[in-house]
Protein chains: 2
Amino acid sequence: MNDPLPAAPMPDTIANDLALAIHEHRLMPGTKLSEEELGEIYGVSRTIIRAALQRLAHDRLVELKRNRGAYVAQPTVREAREVFEARALLEPRTARSAAERITEDDLAALQRHIDEEHAAIDDGEAGRALFLSGQFHLEIARIADQATITDFITQLVARSSLIIALYWHRRGALCESHAHHALMRAFAERDSDLAEELMKNHLLDLLSSLDLRNRTSAPASLREALGA
Amino acid sequence: MNDPLPAAPMPDTIANDLALAIHEHRLMPGTKLSEEELGEIYGVSRTIIRAALQRLAHDRLVELKRNRGAYVAQPTVREAREVFEARALLEPRTARSAAERITEDDLAALQRHIDEEHAAIDDGEAGRALFLSGQFHLEIARIADQATITDFITQLVARSSLIIALYWHRRGALCESHAHHALMRAFAERDSDLAEELMKNHLLDLLSSLDLRNRTSAPASLREALGA
DNA sequence: TCGATTCGGATTGTATACAATGTTGTGTCG
DNA sequence: CGACACAACATTGTATACAATCCGAATCGA
């Protein structure tokens, strides 16, 4: 009845908050994450901030330069390719598993996700739309019921967001949403072959929508991005 | 003694040392990792130890129980299955890639690895043999030249070591070595199809050599395991 | 005797203080 | 005028002190 928050450990809370900001492109690659500044923003000491930054560094969302501070990661072209290679290896098979074991409740949850995604796009909230688009992939992994693989995909999706921030060149924001719709239909019909194939192509489309030749970075203000 | 190391960051050094101890089964699943005790052993403050433990926790090698301390992780049966599912998804394809791009130098390095493995087995150093066996898989991933996937396999191999500690039954340590030999031959002949197939079967053999019904734990002393 | 309760010790969680390192601006020398 | 050297500053790295929490044992009561 009480306790709205069961007191989640502070470092994880902050790490998740920062991860969300990165995912939604409020924090852009290269942005410096000063420990003291973050401490002031969240009202905690650097101890907590450091733990959070360490966690993000382990997920490769943040780069920790010794004695020089933490920065939002800037994946190289090579890393970008590797991330999508890994996704191409993991996600199609995961989509197949998901299609084989998906329940009506899962389908409803997926549909809600897609609806939210549309709402965000209609509201012009590009960052949130991007985040939800990633969550769609995670939801599929969750349905496949393989926690370990889901963890990996979580990391890959998060890094993809950074990659998109650096290398995406405008070429149809719609394909995302259409591809998700098509996947949704495959799931609804329990067509695992189709789901696997659609996911594979979806990832290839995503990769081909990137310009992996030069980066187009653009650092941002810290306090502003976090709205605190 | 001397101090020849170019001062690698302490937390990582300690984390690696602990990871090695876990990998070699000197630290068994369930062993409590007291911050103060570790601090005394390594001659650093709890700050460093906490950072190391956090890193290991993120790799799922240790479990962090809030307000109750860190323990060497005890993967459940479910986690064990998931880890090998993930390996079955990643490693055969990685072995294929490795076979396609392996160089003479790589082959020599792999052979040295196998030789070391044999030496350890002959010397009765079971823990070290197990570690080297894992390193063999990592070496293959490294040859495939996909850092991201290699990172994942690193985690999975480390966790496999915990799983073996808990669920291993068939005492035949030889099958490992034979399978690695066969893989080695496939690599030498650049037979990528064979390499993929051999890796797939190798992992299945590994999985079938586990008894995933009940665990057989056995905690150990901390100072003794770390030999300090 | 058995159970619940409370007090004590031990361990972890967090904040703060200090040391080490990297950066930047300034001044001098060539 | 430019380049190097040095010094002051800012930021991170580490240690320590204190607070919060948990576990267990002893005590009290039924």
Side-chain angles (χ1 to χ4, degrees), chain A residues 2-3 5-18 27 30-74 219-223 225-226 228, chain B residues 3 5-18 27 29-74 219-223 225-226 228:
Chain A
N2 44 12
D3 263 346
L5 284 176
M10 274 311 264
D12 281 9
T13 306
I14 293 174
N16 288 335
D17 198 45
L18 289 171
L27 281 174
T31 306
K32 166 142 198 186
L33 301 172
S34 152
E35 296 182 353
E36 182 157 352
E37 191 170 3
L38 287 171
E40 285 175 16
I41 291 173
Y42 288 104
V44 296
S45 83
R46 283 174 48 217
T47 308
I48 311 290
I49 301 297
R50 281 178 74 79
L53 290 176
Q54 218 184 312
R55 193 163 100 54
L56 292 170
H58 197 283
D59 288 338
R60 312 258 195 198
L61 262 58
V62 160
E63 201 174 339
L64 243 41
K65 303 186 183 180
R66 184 166 179 89
N67 284 319
R68 291 183 49 197
Y71 299 80
V72 178
Q74 294 181 300
S221 155
L222 191 52
R223 283 199 144 82
L226 298 174
Chain B
D3 200 343
L5 289 178
M10 275 309 268
D12 282 8
T13 306
I14 293 174
N16 288 336
D17 197 45
L18 289 172
L27 281 172
T31 306
K32 167 145 198 184
L33 300 172
S34 154
E35 296 182 354
E36 183 159 352
E37 191 170 2
L38 286 172
E40 286 177 16
I41 289 173
Y42 288 104
V44 296
S45 82
R46 284 176 46 219
T47 308
I48 311 290
I49 300 298
R50 281 178 74 81
L53 290 176
Q54 235 186 311
R55 192 163 101 51
L56 293 171
H58 198 286
D59 288 338
R60 311 256 192 193
L61 261 56
V62 314
E63 200 175 340
L64 243 41
K65 302 187 182 181
R66 181 161 179 92
N67 284 318
R68 290 181 50 195
Y71 299 79
V72 179
Q74 296 180 297
S221 155
L222 190 52
R223 284 198 144 82
L226 298 174

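For the numbers below, each heavy atom of this structure counts, side chains included, while hydrogens, waters and symmetry mates do not. On a predicted model such as this, the values are computed, not experimentally measured, just so you know.
Across P11(B) and A52(B), no two heavy atoms sit closer than the pair O-CB, 3.5 Å.
Separation of atoms CD1 (I49(A)) and CG (L18(A)) is listed at 7.0 Å; rounding is to 0.5 Å. Here R50(B) contributes atom CZ and E35(B) contributes atom CD; the two are 4.5 Å apart, rounded to the nearest 0.5 Å.
Remark: P of dT11(D) and CD of E40(A) are 10 Å apart, rounded to the nearest angstrom. Straight-line distance from the CG atom of L33(B) to the P atom of dT11(C): 14 Å, rounded to whole Å. One interatomic measurement links the two molecules: CD of E36(A) to P of dA10(D), which rounds to 10 Å at whole-angstrom precision.
Using a distance-only test at 3.5 Å, with no hydrogens or angles considered, no donor-acceptor pair links the side chain of Q54(B) to the main chain of Q54(A). Without hydrogens or angle criteria, N16(A) side chain to D12(A) main chain gives a donor-acceptor distance under 3.5 Å.
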Sugar-phosphate or base contact per nucleotide [nucleotides 5-10 of chain C; S, B, -; heavy atom under 4.0 Å]: ------
Readout for nucleotides 13-23 of chain D: B = base within 4.0 Å of protein heavy atom, S = sugar-phosphate only, - = neither; 5' to 3' it is BBBBB---SSS
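Note on the helix from dT1(C)-dA30(D) to dG30(C)-dC1(D): angle between the axes of the first and last five pairs equals 0°, rounded to 10 degrees.
The side-chain contact (heavy atoms from CB on, under 4.5 Å) search around S45(B) returns T47(B), I48(B), not counting sequence neighbours. Checked against salt bridge (Lys or Arg N to Asp or Glu O under 4.0 Å), R68(A) has no partners two or more places apart in sequence or in another chain. Not counting sequence neighbours, the partners of R60(A) by the salt bridge (Lys or Arg N to Asp or Glu O under 4.0 Å) test are D151(B).
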Does Y42(B) form a side chain to side chain contact (heavy atoms under 4.5 Å, CB included) with D17(B)? I'd like the steps, not just the answer. CA-CA 10 Å; Y42(B) 288 104; D17(B) 197 45; 2.4 Å; yes
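For the pair I14(A) and L38(A), the minimum side-chain heavy-atom distance is 4.5 Å or more.
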